[in-house]
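Taking it in order: structure first as structure tokens, then the write-up.
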Amino acid sequence: MPSKKAATKKSNKPKKNAAIDTLLTENRLFKPAAAFTKQANAKKEIYARAKKNPVKFWESMASELVWKKKWSKGLKWKAPDAEWFVGGKLNVTESCLDRHIKEGRKNKAALIWEGEPGDKRTLTYFDLYRQVNKFANVLKKLGVKKGDRVALYLPMIPELMIACLACARIGAVHSVVFGGFSPESLRDRINDLKAKILVTADGGYRRGQIIPLKHDADVAIAECPSIEHVVIVKRGDFLLRIKEGRDHWYHRLMQEADNYCAPTYMDSEDLLFILYTSGTTGKPKGIMHSCGGYLTGVYATTKLVFDLKEDDLFWCTADIGWVTGHSYLVYGPTACGATQVMFEGAPDWPDKDRLWQIVEDYGVNIFYTAPTAIRAFMKWGESWPGQHDLTSLRLLGTVGEPINPEAWIWYHKVIGGKKCPIVDTWWQTETGNILITPLPGITATKPGSATHTFPGVEAKILDDDGNEVKEGGGYLALTKPWPAMLKGIWGDRKRFIDAYWSKWPGIYFPGDGAKIDKGKYFWILGRVDDVINTAGHRLSTMEVESALVEHPSVVEAAVVGIPHDLKGEALAAFVTLGGGKEFNDKTISILKDFVARKIGAIAKPDRIINAPELPKTRSGKIMRRLLRDIAIGKLLGDTTTLADPDVLSKIKKEYEED
Ligand code: WTA
């Protein structure tokens, strides 16, 4: 283990005129173990091969999938429109299901599922194949045709995955709406999609409470004229109202359905799904993904980033309501023929060791989760994972937010037993698959850095004028097309161009700030909307937060800019203290000094506010925008994507008392 002394330290003065100044330097380096390298799916030559001819590289990955008709051209590119595998025809479920049935995985477990109350189900590849075929026939019978939109509003049960794949089987476009979203969110998405069918459940479980999904769906679709039928999966014995003619029980329809449904062959560029992303700002956008390119992207990254082997048990903890669940649960692992865990519940129910219990019970090998979860595990303490045998783990991953080095090290030591490589994977709903990431067995990792681009991907750091920043901070930019890239925003071409393609000509702007170091490692600094301009310096909130979290009393921090007469903006830091630590004036001055010492006086927060919890989206991203509203005393903006609305009023009170 590299020494703590070599950890984060002050860098030189921030560079003037940089798009974003950089403050922290992290020097610890973790080289892959020789034994891991020897068995890894990705070999070093892959980078040079992909660089030489990226399209050819992607074509070689695509050719590992099942195609009805081979493409005639790898890529046709006229920014912002990319056509991948032009002229190719496929049905993605043939790669995810049919071929496994034929190639010796018929009785292999595809899904090992555990429900929140502790109920368990295992579905083999044949089970999954059979159910998908049957449900595809159900949808057909209800009048669903190629290109029709089907909304899915379900808990994390196998039927959610079955429904996604059944839509794909018949060329219908699924749109999953996270089961924790409100009736209004569901209504707005269904109306934007003009979905014909809604698949839901009688209810779901969340920390012992019942979520009345069908009831909420009824409220939503009272204002959704496009919905013709509702299919209800029976999850429990939950009360509900059935509207004759419109509402149907899933199990009844399945009983009558034929066993086999011939796949509908799709053009490589035909739509596979639409997924809404609101991120932390603005009105949700319906992100469109297509068949051939998307499947190629998620297949290649699942195989190479997670180093999946035939006998591995893979577990991505994300809900299918998010893109991570689409790419690294529904499509990527099944395209690889993997066995995976699917879990319905929460990590702290009935106790804070639920995930570690699952790792131990089933012998999970590869575990993929979010920094927000890792910070929660840290807050709960080592004793929870400590009660379990986690030695089956061989690879760990993170996604969703920048991971601060302290959390990375904790994950490495406490969960990974210092022996698992960590893949910090940067990507977005829009990018479809992982784009910046280590390749285990090849990349030496640095805690907090997503390291390098995946083979075949090209990213740069640019300034406002589009000049490349060779070392330092700026905007992250994707300078070449990649197969799983978004095809647009459903019904809003202008927003698609404005949001992603108008900062520099022909270059994709993801909206994130990042820096690149001497060794050509990328460090994601978070959303550029969150950058603070103080006394002429543009600081990433993430770096100040990272410094705060290094203090032993702080488990989580969110930093925002507040107007300041002299500096333009000053920093306000909302902090969550750990282990029952008391928040008082002394804490405030200790933390201010700590930041000043760690990264310099310019980053010293003017205010430190106690926040027993931070406002987050349902997928765990901190909503700094709302904290900014609190800090400047503004009425709160759109809070519909907030996981727990009560958190805000608690913080507001602390802020006003401060
Ligand atoms: C952030 C999730 C730093 C980033 C797959 C991005 C990350 C947004 C990382 C997309 C990472 C995701 N390091 N930041 N490894 N991964 N992000 O659409 O700001 O839910 O733009 O997709 O999350 O979030 P989304």
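Ligands are counted one by one from 1 in listed order, and the atoms in each one are counted from 1 as well. Quick caveat: nothing in here was measured; it's all calculated off a predicted structure.
For the pair R189 and E184, the salt-bridge criterion is not met [side-chain N within less than 4.0 Å of a carboxylate O].
Ring orientation note: the planes of W408 and F30 are tilted relative to one another, at an angle of 30° to 60°. In this structure, F178 and F181 have perpendicular ring planes: the angle between them is above 60°, well past the 30° mark.
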Tabulated below should be the N or O atoms of ligand 1 paired with protein N or O atoms at under 3.5 Å; can you produce that?
residue: ligand 1; atom: 13 (N); partner: E401; partner atom: O; Å: 3.3
residue: ligand 1; atom: 14 (N); partner: P402; partner atom: N; Å: 3.3
residue: ligand 1; atom: 15 (N); partner: D424; partner atom: OD1; Å: 2.7
residue: ligand 1; atom: 15 (N); partner: T425; partner atom: O; Å: 2.7
residue: ligand 1; atom: 16 (N); partner: G400; partner atom: N; Å: 3.0
residue: ligand 1; atom: 16 (N); partner: T425; partner atom: O; Å: 3.4
residue: ligand 1; atom: 17 (N); partner: G400; partner atom: O; Å: 3.3
residue: ligand 1; atom: 18 (O); partner: T429; partner atom: N; Å: 2.8
residue: ligand 1; atom: 18 (O); partner: T429; partner atom: OG1; Å: 2.6
residue: ligand 1; atom: 19 (O); partner: D512; partner atom: OD1; Å: 2.9
residue: ligand 1; atom: 19 (O); partner: D512; partner atom: OD2; Å: 3.0
residue: ligand 1; atom: 20 (O); partner: K621; partner atom: NZ; Å: 3.4
residue: ligand 1; atom: 21 (O); partner: Q428; partner atom: NE2; Å: 2.9
residue: ligand 1; atom: 21 (O); partner: D512; partner atom: OD1; Å: 3.2
residue: ligand 1; atom: 21 (O); partner: D512; partner atom: OD2; Å: 2.8
residue: ligand 1; atom: 21 (O); partner: R527; partner atom: NH1; Å: 2.9
residue: ligand 1; atom: 22 (O); partner: T429; partner atom: N; Å: 3.4
residue: ligand 1; atom: 23 (O); partner: G400; partner atom: O; Å: 3.1
residue: ligand 1; atom: 23 (O); partner: K621; partner atom: NZ; Å: 3.2
residue: ligand 1; atom: 24 (O); partner: K621; partner atom: NZ; Å: 3.1

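No donor-acceptor pair under 3.5 Å is formed between the side chain of Y299 and the backbone N or O of Y331.
Not counting sequence neighbours, the partners of K494 by the side-chain hydrogen bond (donor to acceptor under 3.5 Å, both in side chains) test are D498.
Taken from SG in C336 to OH in Y328, the straight-line distance is 10.0 Å, to the nearest 0.5 Å.
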